[in-house]
Protein chains: 2
Amino acid sequence: MEKLINYLLQFGQLNPHQIELIKSKAITIKLARDHFYFEAGKVQREVAFLTEGIIRICYYNRDGDEITKYFLDENNFVVDVNSYTLQIPTVEYAQAITNCELVIISRENMQELSMTIIGWDAIINKITVKGMADKVNRISPMLAEDATERYLNFMKKFPNLAHRIPQLYLASFLGITPTSLSRIRRQISE
Amino acid sequence: MEKLINYLLQFGQLNPHQIELIKSKAITIKLARDHFYFEAGKVQREVAFLTEGIIRICYYNRDGDEITKYFLDENNFVVDVNSYTLQIPTVEYAQAITNCELVIISRENMQELSMTIIGWDAIINKITVKGMADKVNRISPMLAEDATERYLNFMKKFPNLAHRIPQLYLASFLGITPTSLSRIRRQISE
DNA sequence: AATGCTTCTTGCCAAATGGCAAGTTTCGTC
DNA sequence: GACGAAACTTGCCATTTGGCAAGAAGCATT
């Protein structure tokens with residue numbers, strides 16, 4: 001819960017009264033490894049802030065292959081903005097790949113906070129834009145890199161994450177097969 | 001100018017008075033092919049709405065290679081949100097690859113519109129989030145595709161655009177060499 | 001500790017892509 | 001219309017990556 005508040009404070013000011021209000025609107029939940037926080041077909045009716053663990057966002061392409069779109073670690077919001085904003089079903093899955101702790105605020109409570117706290121919308125918008133920009137800037141350069149560079153950059157960005165992610169999922173994110181990733185890892189260690 | 005208004009109206013309501021106000025704050029400019037709308041090192045002090053033409057966003061990686069990050073066509077905003085929001089220098093270039101027409105609103109005028117028009121911020125935020133989500137959703141699946149699929153999907157998405165883009169830039173966007181793109185095109189035409 | 005399941009590694013070969021260089025085309029300028 | 005520069009195509013070969021299958025290792029349950 002404190003992690004959420006600290007994160008929000010990076011994007012705007014909140015007085016103690018407002019902080020208490022936010023806390024009263026949020027609940028903490030646990031999500032066990034391998035379980036899904038949301039699944040394709042459902043409509044997002046809440047936002048979740050990841051305070052512990054790693055979640056991967058994935059979907060299925062026309063060939064039925066499972067594609068890992070990106071990973072989220074601590075201090076990130078886990079929400080399909082499109083589904084949440086427009087109240088339409090998401091097409092993605094959010095799966096815990098470690099045990100996770102999430103702070104949840106329902107859509108109704110978000111709207112109450114929006115009406116009560118001056119500047120709340122501005123904070124949320126900054127966070128939303130930053131979150132999406134991070135994704136673009138992380139994924140975009142990967143197209144111009146070969147698999148080894150993609151892997152090394154991922155390792156550099158998430159040094160503590162690579163060992164916790166099943167190679168299957170990491171390979172899918174990097175756009176290569178698990179076999180290739182295995183070879184790349186061997187080659188690097190030599 | 002009408003294109004901008006029509007686009008805004010997709011994201012919220014505006015009455016005739018408000019529409020006139022917006023028009024009075026905006027100016028239309030032309031940008032000749034190959035010229036840059038913005039360049040790395042400068043701070044974004046305005047937003048631009050592309051009403052005619054195609055712009056590509058590119059940058060240079062550590063090896064000095066020029067990487068095309070994405071293309072923008074009509075009815076898209078051309079702005080580095082990070083630079084505009086935080087007033088820090090951008091690291092990207094926006095280059096017209098056809099003659100372009102842009103509708104410009106300065107940051108000061110944007111702030112005036114924000115203070116004058118109820119719901120303006122909400123409209124802009126929806127557009128911003130949609131724009132970024134489009135980029136993520138367009139680029140992300142490409143990692144899992146081979147070069148031919150990436151090319152065909154690009155053609156499907158922008159059927160009228162592929163012929164207008166120099167192959168050099170398109171190849172860079174697809175993450176392959178111009179040579180490879182040439183071969184792929186030949187193979188498809190057989 | 002044994003079992004069985006999943007994940008990871010490795011080898012073999014095929015397919016895709018890159019690097020380089022030469023030839024061809026396109027396009028703008030004079 | 002001639003010229004020159006840039007972009008595009010093609011051939012040759014090296015490198016990267018994928019596909020498949022077998023073996024090895026890790027991990028949970030019993």
Side-chain angles (χ1 to χ4, degrees), chain A residues 32-36 53-54 56 58 61-68 71 95-99 139 141-155 161-190, chain B residues 31-36 53-54 56 58 61-68 71 93 95-99 139 141-155 161-190:
Chain A
R33 177 180 150 183
D34 292 338
H35 287 216
F36 289 88
I54 300 161
R56 76 186 181 104
C58 65
N61 67 11
R62 319 95 229 166
D63 298 335
D65 302 321
E66 183 191 276
I67 310 290
T68 295
F71 296 97
Q95 184 183 27
I97 63 176
T98 67
N99 288 330
I139 296 172
M142 292 175 63
L143 274 174
E145 298 164 354
D146 66 26
T148 303
E149 289 175 300
R150 295 203 289 270
Y151 174 67
L152 289 176
N153 285 335
F154 182 86
M155 291 285 284
L161 212 149
H163 310 289
R164 291 199 276 166
I165 296 179
Q167 177 162 295
L168 176 73
Y169 300 149
L170 178 53
S172 158
F173 172 68
L174 296 176
I176 57 177
T177 58
T179 306
S180 291
L181 178 52
S182 174
R183 278 190 262 262
I184 286 167
R185 277 179 154 160
R186 172 163 48 110
Q187 199 177 336
I188 288 171
S189 68
E190 284 168 4
Chain B
L31 184 67
R33 179 178 148 186
D34 292 338
H35 287 216
F36 288 88
I54 300 162
R56 75 184 182 104
C58 65
N61 67 12
R62 317 99 230 162
D63 298 337
D65 304 321
E66 183 192 277
I67 309 289
T68 295
F71 296 98
Y93 299 79
Q95 183 184 27
I97 63 176
T98 67
N99 289 329
I139 296 171
M142 292 175 64
L143 273 173
E145 297 164 354
D146 65 28
T148 304
E149 289 175 301
R150 294 203 288 271
Y151 175 67
L152 289 176
N153 284 337
F154 182 85
M155 292 287 282
L161 212 148
H163 310 290
R164 292 199 274 164
I165 297 179
Q167 177 164 291
L168 177 73
Y169 300 151
L170 179 52
S172 158
F173 172 67
L174 296 176
I176 57 178
T177 59
T179 306
S180 291
L181 179 52
S182 175
R183 279 190 261 263
I184 287 167
R185 275 177 155 160
R186 170 164 50 109
Q187 198 177 337
I188 287 171
S189 68
E190 285 167 3

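Values in this document were obtained by computation on a predicted structure and should not be read as measured data. A, B, ... follow the sequence lines: proteins, then strands. Residue 1 opens every chain.
- A distance of 11.5 Å separates CE in A:Met142 from CD1 in B:Ile139, rounded to the nearest 0.5 Å.
- Nucleic acid contact class of B:Pro166 (heavy atoms, under 4.0 Å, all strands): sugar-phosphate only.
- For DNA chain D, the outermost nucleotides in 5' to 3' order that have an atom under 4.0 Å from a heavy atom of chain B are D:dC8 to D:dC12.
- Nearest-nucleotide positions on DNA chain C for A:Arg183 and B:Arg150 put A:Arg183 closer to the 5' end.
- Protein atom CD1 of A:Ile165 is 15 Å distant from nucleotide atom P of C:dT7, rounded to whole Å.
- Applying the 4.0 Å criterion to OP1 and OP2 of C:dT10, one finds that A:Arg186 has a side-chain N or O inside that range.
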### Task
Please report the C-alpha distance between B:Tyr151 and B:Ile188 in whole Å, then the side-chain angles of each, then the deciding distance to 0.1 Å, and finally whether the side chain to side chain contact (heavy atoms under 4.5 Å, CB included) criterion is met.
CA-CA 10 Å; B:Tyr151 175 67; B:Ile188 287 171; 3.5 Å; yes
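- Interface remark: the B:Arg33 side chain does not form any donor-acceptor pair with the C:dG28 base, using a distance-only criterion of under 3.5 Å.
- Between C:dT9 and A:Ser182, a contact under 4.0 Å exists linking OP1 or OP2 to a side-chain N or O.
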### Message
Show, in sequence, the C-alpha distance, side-chain angles and deciding distance for B:Ile176 and B:Ile184, and conclude whether the side chain to side chain contact (heavy atoms under 4.5 Å, CB included) test is met.
### Response
CA-CA 10 Å; B:Ile176 57 178; B:Ile184 287 167; 3.9 Å; yes
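- Position along DNA chain D of the nearest nucleotide to A:Ser180 versus B:Pro178 favours B:Pro178 as the more 5'-ward residue.
- Both A:Leu181 and B:Thr179 lie near DNA chain C, and the one whose nearest nucleotide falls closer to the 5' end is A:Leu181.
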### Message
Run A:Asn61 and B:Glu149 through side chain to side chain contact (heavy atoms under 4.5 Å, CB included) and show every step you take.
### Response
CA-CA 13 Å; A:Asn61 67 11; B:Glu149 289 175 301; over 6 Å; no
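- Axis angle, first five pairs versus last five pairs of the helix from C:dA1-D:dT30 to C:dC30-D:dG1: 50°, rounded to 10°.
- B:Ile165 contributes atom CD1, which lies 4.0 Å from atom CZ of B:Phe71 (distance to the nearest 0.5 angstrom).
- In this structure, the side chain of A:Ser172 engages the main chain of A:Thr68 through a donor-acceptor pair within 3.5 Å.
- Atoms CD1 and CG, from A:Ile97 and A:Leu168 in turn, are 10.5 Å apart once rounded to the nearest 0.5 Å.
- Taking atom CG of B:Asp65 as the reference point, atom C1' of C:dG18 lies 13 Å away to the nearest angstrom.
- Protein atom CZ of B:Arg185 is 17 Å distant from nucleotide atom P of C:dT25, rounded to whole Å.
- The interatomic distance linking B:Ile176 (CD1) with C:dG18 (P) rounds to 6 Å, in whole Å.
- Annotation: the span from B:Leu170 atom CG to B:Arg185 atom CZ amounts to 6.0 Å, rounded to 0.5 Å.
- Of the possible donor and acceptor atoms, none in the side chain of B:Gln95 sits under 3.5 Å from a partner among the backbone N and O of B:Arg56.
- Computed from coordinates, the A:Asp34 CG to C:dT6 P distance equals 12 Å when rounded to whole Å.
- One can place CG of B:Asp146 at 11 Å from P of C:dG18, the figure rounded to the nearest angstrom.
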